[in-house]
Amino acid sequence: MSYLTLTLSLVFVLIPIILSKTLNLGLEKDTIIATTRSIIQLLAVGYVLQFVFDAENMIYILLMIILMIFAAVQNARKKGASIKGITWKLVATYVIVEILTQGILLGFDITPATAQYIIPISGMMIGNSMVLSILFLNRFTAEVESREDETELILSLGGTPKQAIHKQLITSIQASTIPTIESQKTIGLVQLPGMMSGQIIAGADPVQAVQFQLLVLFLLLTAAVVTSVILGFLSYPSLFNNKMQMVKIEENKK
């Protein structure tokens, strides 16, 4: 694809802008900002990745992963501002997911220990974990607020914080992992995944593309469940003080 054809593809940005303007949706500004940022960020990342791939230096690979984690944490922490210490909890969650997935991939020699494989797969895992953590935090804080009286009642009857928050925690973990699990049920029937489609467009053998896509799907499933479980069990103790009393979410926001 040349820069000319890429420029022509901006017609796909023009269409929603026209519709937004016509229907007074007010999406024009956000659409233009999102498009501009995506162009700048992706082109910049493209040149950076070219340098990292050519260098094949593990230090550069680690720096790229750290940058990904930092960006993901900065985005997700806004949704968990009501949970004390959410920043380090997110960092710990993403690091554990990254070590677990890459440890299995490299340990069993499933993928080569090269930048070409480590960085893209790490990006998919960390990005997916970021989305899942946002879904979890949104649902968890909503569940805690809506069932505050129920939690207080269990505590007053002698229940532990874990017992008092168990239902909200499990419900939030289940809800945040549903999109990942449900999307995998119809994969290949309703949609052709991005990685598989990209490889096919690039000229790869379709069967080989399917094999890599299945690998990514299995990784995403692990990342989804592990992210929600780890973040959940790291987060819920912050809702209680040393006397096993519930701290209101509004107080944590201050």
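Below, each value reflects all heavy atoms present in this structure, side chains not excepted, and no hydrogens, waters or symmetry copies.
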Under 4.5 Å side-chain linkage, directly or through intermediates, the cluster mates of L221: I181
G232 backbone acceptor or donor facing S235 side chain under 3.5 Å: no
Partner of L100 by side chain to side chain contact (heavy atoms under 4.5 Å, CB included), out of V95, L219, T222: T222
Taking every non-hydrogen atom, the tightest pair across A113 and L106: CA-CD2, 3.7 Å
N/O donor-acceptor pair under 3.5 Å between K89 side chain and K84 backbone: yes
Residue pair A223 / V97: nearest heavy atoms and the distance that separates them: CB-CG1, 4.0 Å
For I59, all residues meeting side-chain contact (heavy atoms from CB on, under 4.5 Å), sequence neighbours excluded: N57, L63
Check: L105 and L215 side chains under 4.5 Å, non-hydrogen atoms: yes
T227 side chain to A224 backbone, donor-acceptor under 3.5 Å: no
Which atom of I154 lies closest to which atom of A164, heavy atoms considered: CG2-CA, 3.7 Å
Approximate separation, where rounding is to 0.5 Å, of L14 CG and I32 CD1: 9.5 Å
Heavy atoms from other residues, nucleotides or ligands near CZ of F70 exceed 12 (cutoff 6.0 Å): no
Stepwise side chain to side chain donor-acceptor pair (under 3.5 Å) test for S20 and E28: CA-CA 6 Å; S20 176; E28 303 95 313; 3.1 Å; yes
Closest approach of Q102 to S122 (non-hydrogen atoms, all atoms of both residues): NE2-OG, 3.1 Å
Cluster check I66, V52: I/L/V/M/F/W/Y, side chain < 4.5 angstrom: no
Q116 CD: over 12 foreign heavy atoms closer than 6.0 Å: no
K167 side chain near E143 side chain, heavy-atom distance below 4.5 Å: no
Contact check, side chains of V48 and M64, non-hydrogen atoms, under 4.5 Å: yes
Candidates I119, V216, T101 - the one meeting side chain to side chain contact (heavy atoms under 4.5 Å, CB included) with M124: V216
Inter- and intrachain pairs under salt bridge (Lys or Arg N to Asp or Glu O under 4.0 Å), touching residues 219-237, at least two apart: none
Straight-line distance of M125 CE to E98 CD, nearest 0.5 Å: 9.0 Å
Rounded distance (nearest 0.5 Å) linking atom CZ of F218 with atom CG of L214: 5.0 Å
Aromatic ring proximity F140/Y236, centre distance under 6.0 Å: no
Same cluster (ILVMFWY, side-chain, under 4.5 Å), I134 and I178: no
Residues that Q41 engages under side-chain contact (heavy atoms from CB on, under 4.5 Å), provided they are two or more places apart: R37
Same apolar cluster: I99 and I61, side chain cutoff 4.5 Å: yes
Side-chain donor/acceptor of Q163 to backbone N/O of T160, under 3.5 Å: yes
side-chain contact (heavy atoms from CB on, under 4.5 Å) between I65 and I126, intermediate numbers included: CA-CA 9 Å; I65 294 174; I126 296 170; 4.1 Å; yes
Nearest heavy atoms of M58 and I118, plus distance in Å: CE-CD1, 4.4 Å
Taking every non-hydrogen atom, the tightest pair across S228 and I173: O-CG1, 3.8 Å
Separation of T93 OG1 from L132 CG (nearest 0.5 Å): 11.0 Å
For L19, the rest of its hydrophobic cluster, which grows through side-chain links under 4.5 angstrom: I15
Gap between atom OG1 of T111 and atom CD1 of I121 - 0.5 Å precision: 4.5 Å
Test item: S156 side-chain N/O and L153 main-chain N/O as donor-acceptor pair under 3.5 Å: yes
Backbone of T35 reached by a side-chain donor or acceptor of S38 within 3.5 Å: yes
Spatial distance of atom CG (L169) from atom CZ (R139) [nearest 0.5 Å]: 12.0 Å
Shared hydrophobic cluster for V91 and L67 (ILVMFWY, side-chain gaps under 4.5 Å): no
With sequence neighbours excluded, residues passing side-chain contact (heavy atoms from CB on, under 4.5 Å) with P112: T114, Y117
Heavy-atom donor-acceptor pair, T171 side chain to Q168 backbone, under 3.5 Å: no
Check: S176 side chain, F136 main-chain N or O, donor-acceptor pair, under 3.5 Å: no
Cluster overlap I170 with V226, hydrophobic side-chain contacts below 4.5 Å: no
